[in-house]
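For reference, the structure discussed in these notes is given below.
These numbers come from a predicted model, not from an experiment. In what follows, residues are counted from 1 in the order of the sequence shown.
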Amino acid sequence: MRPLIQIGGCSWGGRRDGSEAIAANLLAGSLLGAWAGATWAVRMRSSTLYKVLAALVVLMAAALMITHATALGALSLPLWAQVPSGVLAGFGIGVVVAIMGVAGGELLIPTIVLLFAVDIKTAGSLSLLVSLPTMLVAFARYSRDGSFAVLRANLPFTVVMAGGSIAGALLGGLLVGVFSELVLIPALAVILLISAIKLARHD
């Protein structure tokens, strides 16, 4: 029998650091949320989807500022509350991941820190562990409805966007070493808010 471990004041069975238990708890909700989010996205009217995206972008901007501007503390929930909270939080994050097409790290990391009382570096690693299968489920749901046919129809645009994303990621990595987070994080939050306004005004 595996030894019990302590996470956030609650006992879990598994590895010494509890990574498997935390990931499984969040994935129990995020996989369902990703499927549901993708289903809702393909059925929404375009005008409604733009407004939902605008609201989610504002949420991401808020999460970005809160994560980097405040010291997050654990909620210290009892196990009977911690597990369903993890599932519900995972479901919500899965919906966001599916609708926005993002990994959801800005939501996963503070959630993991708050619910499971792990350090920020471990939370970052766990967010990757949860994000990948969640995104794959969303991808599978979109593929089922042929939603990616538009990418093949607009292949040059898709290639340019992919190249721009790779270049942006590389540039962002370089800027982290040049500019302080006190400059980069507010700047990114402002860009997200401007994007949200443009999305909300889109017909």
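Judged purely by atom type and a 3.5 angstrom limit, Tyr142 uses its side chain to pair as donor or acceptor with the backbone of Ala98. Checking side-chain atoms of Ser165 against main-chain N and O of Met161 turns up a donor-acceptor pair under 3.5 Å.
Cluster membership for Leu199 and Leu188, using ILVMFWY side-chain heavy atoms within less than 4.5 angstrom, is shared. Linking Ile, Leu, Val, Met, Phe, Trp and Tyr whenever their side-chain heavy atoms come within less than 4.5 Å leaves Leu107 and Val58 in two separate clusters. Put simply, Leu129 and Val118 are part of the same group of oily side chains (I, L, V, M, F, W, Y) that touch within less than 4.5 Å, one to the next. Residues Val96 and Leu193 are members of separate hydrophobic clusters, defined by side-chain heavy-atom contacts under 4.5 angstrom among Ile, Leu, Val, Met, Phe, Trp and Tyr. Criterion: ILVMFWY side-chain heavy atoms under 4.5 Å apart, direct or through other members. Under it, Trp35 and Val87 are not part of a common hydrophobic cluster.
Looking at Ile22 and Thr122, their side chains never come closer than 4.5 Å, going by heavy atoms from C-beta outward. Leu59 has its side chain within reach of Leu56: a pair of non-hydrogen atoms, C-beta onward, lies under 4.5 Å apart.
In this structure, Ala63 and Glu106 approach most closely via the heavy-atom pair CB-O, 3.6 Å. Pairing each heavy atom of Ile112 with each of Ala123, the nearest pair is CD1-O, 3.7 Å. Taking both residues in full, the closest heavy atoms of Ser30 and Val130 are given as OG-CG1, 3.8 Å, listed atom of the first, atom of the second, then distance. Here the shortest heavy-atom pairing between Leu108 and Ser131 reads CD1-OG, 3.3 Å. When all heavy atoms are compared, the tightest approach of Ala38 to Arg141 is CB-CG, 3.4 Å. Contact between Leu115 and Ala89 at its shortest, heavy atoms only, is CD1-CB, 4.2 Å.
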**OP:** Please test Met100 against Val57 for side-chain contact (heavy atoms from CB on, under 4.5 Å), starting from the C-alpha separation and ending with a verdict.
**Re:** CA-CA 8 Å; Met100 297 191 69; Val57 170; 3.6 Å; yes
Subject >> Test log, rule side-chain contact (heavy atoms from CB on, under 4.5 Å), inputs Val52 and Thr48 >> reply: CA-CA 6 Å; Val52 171; Thr48 303; 4.3 Å; yes
Original post:
When you look at Phe116 and Thr111, which way does the side-chain contact (heavy atoms from CB on, under 4.5 Å) test go after all the steps?
Top reply: CA-CA 8 Å; Phe116 304 104; Thr111 297; 5.6 Å; no
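Distance check: Met65 CE to Met60 CE gives 14.5 Å after rounding to the nearest 0.5 Å. A distance of 7.5 Å separates CZ of Arg144 from OG1 of Thr39, quoted to the nearest 0.5 Å. Interatomic distance, CD of Glu20 versus CG of Leu126, reported as 10.5 Å (0.5 Å rounding). The CG atom of Leu171 sits 13.5 Å away from the CD1 atom of Ile166 when rounded to the nearest 0.5 Å. Note that the CG atom of Leu53 and the OG atom of Ser195 stand 11.0 Å from one another [nearest 0.5 Å].
Among Leu88, Ile93, Val95, the single residue meeting the side-chain contact (heavy atoms from CB on, under 4.5 Å) criterion with Phe91 is Val95.
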